[in-house]
Amino acid sequence: MRYVIIGNSAAAIGCVEGIRAVDPAGSILLVSQEPYHTYSRPLISYLLQGKTDRERMKYRPDSFYDDHGVECRLGTAVTAVDPAAKEIVLEGGQRLPYDRLLCATGSQPFVPPMEGLDSVDKKFTFLSLDDALALERALTADSRVLIVGGGLIGLKCAEGIAGRCASITVVDLADRILMSILDAEAAALMQAHLETHGLVFHLGDSVSSFQEHRAQLQSGGTVDFDVLVLAVGVRPRTQLLAAAGAQIDRGIVTDANGLTSLPDIYAAGDCAASWDISSESRRVLALLPNAYMQGETAGRAMAGEPKPFNKAIPMNAIGFFGYHIITAGSYTGQAHVHSHGQDYKALFTQDDRLKGYILMGDVARAGIYTALIREQTPLSTVDFDLIMEKPQLMAFSRTDRIQKLGGAPC
Amino acid sequence: MKRIYVNEAWCLGCHLCEYYCAFANSGEDDMVKALKGVTIHPRIQIESQGNISFAVSCRHCPEPLCVKGCITGALTQKDGVITIDENKCVGCYTCILSCPYGAVMPGEGTAVQKCELCTRNAQGSPACVAGCPNQAIVWEER
Ligand SMILES: Cc1cc2nc3c(=O)[nH]c(=O)nc-3n(C[C@H](O)[C@H](O)[C@H](O)COP(=O)(O)OP(=O)(O)OC[C@H]3O[C@@H](n4cnc5c(N)ncnc54)[C@H](O)[C@@H]3O)c2cc1C
């Protein structure tokens, strides 16, 4: 069996581990555009912050490829996939055969057309190690930084560079920060916290045009800057499989084993769309745990021992300057909100199920809530008051508790 | 694999397991020095309500969501035991988001902490089990 993997990040590594859990012998070729040993993408902001370094941010040990019998072609882009010939095409034209292929090409930055963007000399996206290193080279202690996009990536970037520039201004079209994971009240709390760390926000606003070091805002104001970071959004990198004829619905469409609409071609991670059980809809869940688990699932299926992954939900753990957020699921149904100082909790219930939650500040044991969503546990089987109070196993029935702590683990 | 199992019917809610855990992981060899006047951060924690109580610690799941979800590769599983590399962990708390038992917790520094079955301290086998006065916590093959 000849396995070929395109990509070298969470989904690709999950696939290697999934294949090897089943098939110790088949050959694995991994091709990746980025020239680096597998690294943790979310750590690029921690790298700029000095909280990790190039060595510690490796996602797996140096011996990983050897230990797993993986042949690597790093720093090489795949330019086409030919499903009829069962070959991939590398830049330069070389063609390589596969029996089973995984596409784990991840995300790419989305940069909307903006007037005058060409006149800006120092502009960056923030998605890769190369992006982070380039941004680092451009920054000085005097830099005024403008970040367009107040989402996860834009604000993680802000945290990463806050100690090494003069000022940070964030502009976002939405009327609140972290739109994809927070409700208005939680967003206001986090915004106030970020403001105490010097960030300046222009929300419900956008850049109408750039003139070298000046951004003209829709609202009429201007922001002068030296360095521009574009963090408006990401899109699944679907081009290779789209051109090969695979079904795309925002992300590459896959089944619960990661199989695409093309025979023997699998997809996993940020490039793929998954079925979100909390909203009962197909979504791109651009999250590292999801990428790993989809990759591992695809790997097992490619090696002939499928173990479908059908419990995907959106979920996020993220913190800014020591203030933590954990969220999961979808914010539909009845909201149960409890807020006390910096601690914020919103639980969303519908049809006897927990559908989603937001925890900020006190995030202890959040995984108990995540499990209620993932397992779609009927809330009528738990003590509602106890589970609303805090995540605790005490809320489960005695029989369930005995099973959880005295039986076989997950 | 030998795991920790908890029997709530026998748990007295005495919290001794928490103290033995904190002591075993303190690096101190004097219990007074390790625990007296100190706020402890045990990796096993008692839940109690009325006359029910039980201890919760990592179950070392065969399909560990914390390890699979770890964004840095700091959490790994070897011979069934899940351990944390404090040097790699940046404290993002994705493991806290993932663990269905609520058994991973913030540590004293940046890194999270969890039960490692006393494999990385001088104890060698679970201190909570050895210290439990009523065998409500056992370490065995099932
Ligand atoms: C700043 C930042 C912070 C983040 N923080 C978090 C967080 O806290 N928690 C969380 O869960 N997620 C976070 N994420 C998201 C997380 O990084 C992604 O979900 C995860 O990396 C997805 O993994 P992946 O394997 O699908 O793809 P990616 O990590 O995007 O990797 C894609 C791989 O494919 C390769 N590739 C692409 N095209 C080609 C080609 N044509 N030929 C060959 N190789 C190719 C690339 O070189 C790369 O190796 C963050 C992302 C960013 C940018």
Side-chain angles (χ1 to χ4, degrees), chain A residues 10 13-14 17 38-43 46 49 51-52 56-61 64 287-290 292-293 296 307 315-319 322 324-328 359 363-372 374-375 383 386 391-395 398 401-402 404-410, chain B residues 1 3-11 45-50 52-74 76 80 82 85-106 110 112 136-138 142:
Chain A
I13 298 301
E17 293 179 351
T38 184
Y39 67 91
S40 166
R41 189 166 309 283
L43 292 201
Y46 294 84
Q49 209 178 353
K51 289 202 164 174
T52 189
R56 286 185 290 160
M57 74 189 286
K58 288 178 179 168
Y59 183 53
R60 289 294 183 267
F64 178 82
L287 310 160
L288 194 137
N290 194 56
Y292 178 88
M293 284 186 258
E296 186 192 33
K307 206 173 183 184
M315 53 184 210
N316 246 290
I318 197 161
H324 285 274
I325 306 172
I326 296 188
T327 64
L359 290 181
V363 296
R365 309 189 78 195
I368 293 173
Y369 285 157
T370 313
L372 286 175
R374 191 192 304 117
E375 304 303 331
D383 184 317
L386 287 182
Q392 51 185 327
L393 299 183
M394 189 64 81
R398 189 181 155 79
R401 291 195 307 261
I402 289 172
K404 280 181 195 300
L405 299 175
C410 299
Chain B
M1 158 193 185
R3 280 181 213 291
I4 287 183
Y5 296 93
V6 166
N7 180 354
E8 68 173 57
W10 290 2
C11 177
Q45 287 180 356
I46 294 289
E47 281 193 35
S48 58
Q49 161 96 0
I52 305 170
S53 60
F54 50 85
V56 183
S57 62
C58 173
R59 306 245 32 227
H60 299 275
C61 305
E63 296 282 341
L65 294 168
C66 61
V67 174
K68 292 173 196 257
C70 179
I71 67 165
T72 64
T76 54
I82 298 168
D85 178 349
E86 292 86 0
N87 194 34
K88 279 179 84 79
C89 177
V90 294
C92 77
Y93 295 178
T94 303
C95 46
I96 296 178
L97 156 76
S98 305
C99 175
Y101 300 102
V104 187
M105 63 236 23
T110 302
V112 296
I137 312 172
V138 295
R142 277 194 189 168

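Below, read A as the first sequence line, B as the second, and so on, with proteins coming before strands; counting in each chain starts at 1. This one's a predicted model, so the numbers in the text were calculated from it and none came from an experiment.
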Between T72(B) and Y59(A), does the side-chain contact (heavy atoms from CB on, under 4.5 Å) criterion hold? Intermediate values first, please.
CA-CA 5 Å; T72(B) 64; Y59(A) 183 53; over 6 Å; no

Proximity breakdown for C99(B) and chain A, heavy-atom pairs closer than 4.5 Å:
backbone

For T38(A), is it the side chain, the backbone, both or neither that has a heavy atom under 4.5 Å from a heavy atom of chain B?
neither

Passing candidate, side-chain contact (heavy atoms from CB on, under 4.5 Å) with Y93(B), options I318(A), N316(A), V363(A), I325(A)
V363(A)

Engaged part of A74(B) at the chain A interface, taking heavy atoms whose separation is under 4.5 Å
neither

Side chain / backbone / both / neither for I326(A) at chain B, heavy atoms under 4.5 Å
side chain

Contact part of R41(A) toward chain B, heavy-atom cut-off under 4.5 Å: side chain, backbone, both or neither?
neither

With a 4.5 angstrom heavy-atom cut-off, could you sort out which part of E296(A) is near chain B: side chain, backbone, both or neither?
side chain

The interface call for N7(B) against chain A, heavy-atom contacts under 4.5 Å, is neither

Taking side chain as everything from C-beta outward and backbone as N, CA, C, O, which of these in C70(B) sits under 4.5 Å from a heavy atom of chain A? Side chain, backbone, both or neither.
backbone

Going by an N to O cut-off under 4.0 Å, is there a salt bridge joining K307(A) and E63(B)?
yes

Toward chain B, the part of M293(A) with a non-hydrogen atom under 4.5 Å:
side chain

Is R365(A) salt-bridged to E47(B), going by a charged N under 4.0 Å from an acidic O?
yes

